[in-house]
Protein chains: 2
Amino acid sequence: MSDYIPVHGQRPRRVTARMVAEAAGVSRSAVSRAFTDGAYLDDKKRTKIREVAAILGYKPNALAAGLQGGRSHLVAIFVGDMRSPYDTAFVGQLVGELNALNKWPILIDGGGQRAATAIEDVLRYPLDALILRGGSMSADIVSQCTKYAIPMISSGRPIEAPDVDNVCCRHSDGTKEMTETLIRQGRTRFGFLAGPADFYSSAIRKGGVLEALKAAGLSLVAESLGDYTVAGGHSSAKQLLSSHAIDALICANDAMAIGALTAAREMGLAVPKDLSVVGFDDISMASWPMFDLTTVRNPIDASVTEILNLLERRLATPGKQSETVFIDTQLVLRATH
Amino acid sequence: MSDYIPVHGQRPRRVTARMVAEAAGVSRSAVSRAFTDGAYLDDKKRTKIREVAAILGYKPNALAAGLQGGRSHLVAIFVGDMRSPYDTAFVGQLVGELNALNKWPILIDGGGQRAATAIEDVLRYPLDALILRGGSMSADIVSQCTKYAIPMISSGRPIEAPDVDNVCCRHSDGTKEMTETLIRQGRTRFGFLAGPADFYSSAIRKGGVLEALKAAGLSLVAESLGDYTVAGGHSSAKQLLSSHAIDALICANDAMAIGALTAAREMGLAVPKDLSVVGFDDISMASWPMFDLTTVRNPIDASVTEILNLLERRLATPGKQSETVFIDTQLVLRATH
DNA sequence: CGGCTAGGTGAACACGTGTGCACACCGTGC
DNA sequence: GCACGGTGTGCACACGTGTTCACCTAGCCG
């Protein structure tokens with residue numbers, strides 16, 4: 001295995017370029033050049049140095065290199081809710097893509113009480129960028145990032161500030177299209193299961209529903225407030241369905257729709273015959289056989305791709321104008337409409 | 001908002017201690033001392049410097065500080081499968097706790113093709129520790145970490161190597177206890193829905209089942225291979241149930257159990273009357289009203305706490321002996337047994 | 001009033017790397 | 001033989017911080 005013999009109490013230091021230089025009988029500069037592409041260095045010398053480095057287990061220290069004024073390759077991701085299936089899947093995808101680009105994502109749980117101080121502390125690192133996925137951030141932090149010239153890219157909650165780019169799903173187009181489909185299908189008495197009052201996504205998704213209803217001369221029959229979770233959707237839907245006679249329930253996200261679907265079935269309602277239940281996001285559970293939920297896809301792949309594009313563009317042109325990229329939704333017609 | 005005026009093409013540099021020193025009319029050393037606790041510095045001077053720093057938006061650069069030989073406060077988390085609900089919840093909890101301890105987790109998606117090179121690249125940063133959640137890592141990398149004196153803590157797949165600590169759930173005790181409970185309940189014809197062949201957790205969980213069956217003079221009636229996903233569990237269970245008459249199906253994890261539960265219901269089997277279906281992990285979905293799954297809890301809180309304990313102990317005593325901490329499971333008796 | 005202590009301060013160094021600059025070497029063309 | 005251009009290479013600096021070391025001042029005691 002390893003030939004390293006631990007010395008009690010004194011932990012071995014990291015191998016530095018100097019040690020490699022001494023071992024290989026060259027100057028420290030040569031070692032540095034051996035690891036930088038396009039530097040003048042004799043080919044034989046380069047391979048020699050690399051061999052010695054491999055034996056000693058040397059890697060250039062990224063911290064010291066980052067000090068040089070270039071990029072640190074560190075990217076912070078501020079996650080609104082680490083427990084939400086959508087955010088989790090989103091972050092998983094984003095992390096994988098960043099890894100592939102040699103960017104190293106530092107995660108910050110935006111849900112905890114310490115979120116504000118955590119983001120404050122992580123700003124001590126010279127980050128290449130800060131990516132926001134859902135959740136909200138104080139204007140202070142935003143302006144601080146601007147001062148540090150740290151590019152910010154927000155997804156899920158648009159931020160209007162200089163040097164902040166946004167990736168935004170066309171929420172209202174999605175729910176509007178879905179509502180139109182349900183109307184065309186003959187549904188007339190609509191209910192809406194909303195998310196928390198201060199969630200941007202819930203409000204704008206509702207807007208699309210109202211727009212479509214108004215155009216058809218209809219209006220919302222019932223509305224209830226949920227918390228974007230399955231359990232919350234279950235109890236909210238139970239209450240709503242027992243007090244109002246509706247034939248279509250549009251939920252602000254999939255998690256609540258899954259809860260609502262279960263509640264409807266428990267109450268003896270046939271879905272989709274008596275009632276259509278639809279969600280938003282198309283999380284992986286929506287396609288599970290026991291749900292087979294009709295929903296509006298909020299595409300993760302496209303959003304992540306656009307985030308990386310925006311990041312690249314801003315790193316190339318730091319002073320550029322803020323951009324907002326819109327992502328088209330897709331109707332996913334399964335078995336509950 | 002901010003008084004920062006972008007200069008086209010020339011991005012503003014980060015504020016350094018020197019700039020603060022000049023602005024406040026003190027030495028650079030004084031600025032450094034103003035931000036380190038317990039350093040000799042006149043109180044009035046300290047508050048003055050901090051005020052100026054706040055106005056300029058100065059924060060000590062963590063990269064430069066990390067170069068000093070102390071800790072970098074960076075911790076890498078290698079995640080076996082970013083799409084698995086259990087791993088995702090685990091990592092979410094871990095990230096939150098690390099944030100609270102002022103440790104900054106760099107995530108690496110261990111699922112992708114690039115996982116091996118990614119971990120190799122991230123080792124260029126002087127990490128305080130490397131935490132493994134599931135997935136497997138080459139012996140090369142492990143010995144490399146040892147050489148660098150980077151503490152490694154593995155959860156979900158024990159690694160036997162010097163300087164590697166393990167947090168390990170008592171898998172077989174959990175499934176053994178569960179099997180005993182089912183036997184006591186009168187079940188006699190057992191099936192097992194296994195995970196991928198090379199998964200440590202699946203094999204050892206099966207071991208507990210076999211142990212309990214043997215003690216009761218029973219044996220496994222049927223077994224099928226799944227892939228630890230809901231869809232996989234659904235199809236594997238369908239096949240297994242249509243070819244074997246069993247009254248208890250033990251699944252290697254919850255995701256497959258949820259799939260199996262759905263398959264059983266689709267096939268007209270009454271759960272738990274005709275068939276009991278149980279899982280392992282107690283992921284959040286297990287408690288959803290439509291499943292209400294009986295399962296063995298693989299406690300995330302306790303595991304994460306122990307990881308942090310081990311981390312603290314190893315940072316305090318770098319040369320210490322490897323430790324393995326075992327985590328007790330808990331039977332969660334819901335509605336499917 | 002002299003010596004001593006304790007608190008306060010700035011210069012200087014160390015951390016590990018990338019790179020500009022000057023210089024050495026070598027082959028070629030005149 | 002000499003000028004010249006191209007290739008290698010080492011020295012030295014820069015990056016931004018924490019910390020040691022020497023020094024200074026003020027205050028107190030004898």
Side-chain angles (χ1 to χ4, degrees), chain A residues 11-50 53 56-74 121 123-128 148-150, chain B residues 11-50 53 56-74 121 123-128 148-150:
Chain A
R11 72 181 170 124
R13 295 195 64 88
R14 203 182 156 91
V15 180
T16 89
R18 187 152 94 197
M19 302 183 200
V20 176
E22 282 173 15
V26 297
S27 78
R28 194 197 54 77
S29 312
V31 177
S32 180
R33 281 191 251 265
F35 285 90
T36 39
D37 296 337
Y40 278 131
L41 191 64
D42 188 43
D43 272 354
K44 286 198 297 187
K45 204 170 194 173
R46 166 172 270 136
T47 55
K48 170 77 187 302
I49 292 175
R50 289 211 161 176
L56 264 59
Y58 168 77
K59 277 187 208 302
N61 184 332
L63 245 61
L67 212 55
Q68 221 60 20
R71 308 248 169 251
S72 70
H73 298 287
L74 295 175
D121 284 341
L123 283 179
R124 295 170 50 121
Y125 293 88
L127 304 172
D128 278 4
Y148 290 173
I150 297 181
Chain B
R11 75 185 169 122
R13 296 194 63 87
R14 203 182 156 93
V15 180
T16 93
R18 186 151 96 197
M19 303 184 200
V20 176
E22 281 173 16
V26 296
S27 78
R28 195 198 54 77
S29 310
V31 177
S32 180
R33 280 191 255 264
F35 285 91
T36 39
D37 295 338
Y40 279 132
L41 191 65
D42 189 42
D43 273 353
K44 286 198 298 187
K45 205 171 194 173
R46 167 172 270 133
T47 56
K48 170 76 186 303
I49 291 175
R50 291 210 159 177
L56 264 57
Y58 167 76
K59 277 188 209 301
N61 184 332
L63 245 61
L67 213 55
Q68 222 59 22
R71 309 247 167 249
S72 70
H73 297 288
L74 295 175
D121 284 341
L123 283 179
R124 296 171 51 120
Y125 292 88
L127 303 173
D128 279 4
Y148 290 173
I150 297 181

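Lettering follows sequence order; numbering is per chain, from 1. Every value quoted in this text rests on a predicted model; they were computed, and no experiment measured them.
Between the NZ atom of B:K59 and the P atom of D:dG16 there is a distance of 17 Å, rounded to whole Å. Distance CZ (B:R18) to C1' (D:dG18): 16 Å, rounded to an integer number of Å. Atom OH in A:Y125 sits roughly 17 Å away from atom C1' in D:dC15 (whole-Å rounding). Between the P atom of D:dG18 and the CG atom of B:N61 lies a distance of 9 Å, rounded to the nearest Å. Rounded to whole Å, atom P of D:dG16 lies 15 Å from atom CZ of A:R124. The separation between B:L63 atom CG and C:dT17 atom P is 13 Å, rounded to whole Å. Rounding to whole angstrom units, CD of residue B:E22 and P of D:dG16 are separated by 12 Å.
At distances below 3.5 Å, at least one donor-acceptor pair connects side-chain atoms of B:R46 with backbone N or O atoms of B:R33.
In this structure, A:N61 and A:T16 have side chains that are not in contact, with every pair of non-hydrogen atoms separated by 4.5 Å or more.
When all heavy atoms of A:A17 and A:V31 are compared, the pair lying nearest together is O-CG2, 3.8 Å. Listed here is the closest heavy atom pair of A:D128 and A:S72: OD1-N, 3.0 Å.
Remark: B:K59 NZ is packed, more than 12 non-hydrogen atoms of other residues, nucleotides or ligands lying under 6.0 Å away.
The side chain of A:A64 sits closest to C:dT17 out of D:dG16, D:dG18, C:dT17.
Using a 4.0 Å heavy-atom distance criterion, A:F35 is classed as making no nucleic acid contact. When heavy atoms are screened at a 4.0 angstrom cut-off, B:L41 is found touching the sugar-phosphate backbone but no base atom. Residue-level contact check: A:K44 touches neither bases nor backbone, having no heavy atom under 4.0 Å from any strand.
At the phosphate of C:dT9, OP1 or OP2 sits under 4.0 Å from a side-chain N or O atom of B:K45.
Applying the salt bridge (charged side-chain N to carboxylate O under 4.0 Å, His left out) test to residues at least two apart or on different chains, none of the pairs has a partner in residues 16-27 of chain A.
Rounding to the nearest 0.5 Å gives a distance of 11.0 Å between CZ of B:F35 and CG of B:L41. Rounding to the nearest 0.5 angstrom, the gap separating the CG atom in A:D42 from the CD1 atom in A:I49 is 9.5 Å. Interatomic distance, CG of A:L74 versus CG of A:L127, reported as 6.5 Å (0.5 Å rounding).
Each of B:L67 and B:A30 was matched to the nucleotide of DNA chain C holding its nearest heavy atom; the match closer to the 5' end belongs to B:A30.
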Check the interface with nucleotides 4-7 of chain C: list each N/O to N/O pair with the protein under 3.5 Å, or write none.
{"residue": "C:dG7", "atom": "OP2", "partner": "B:Y40", "partner atom": "OH", "Å": "3.3"}

Polar-atom pairs under 3.5 Å, protein N or O versus N or O of nucleotides 19-23 of chain C: list them with distances, or write none.
none

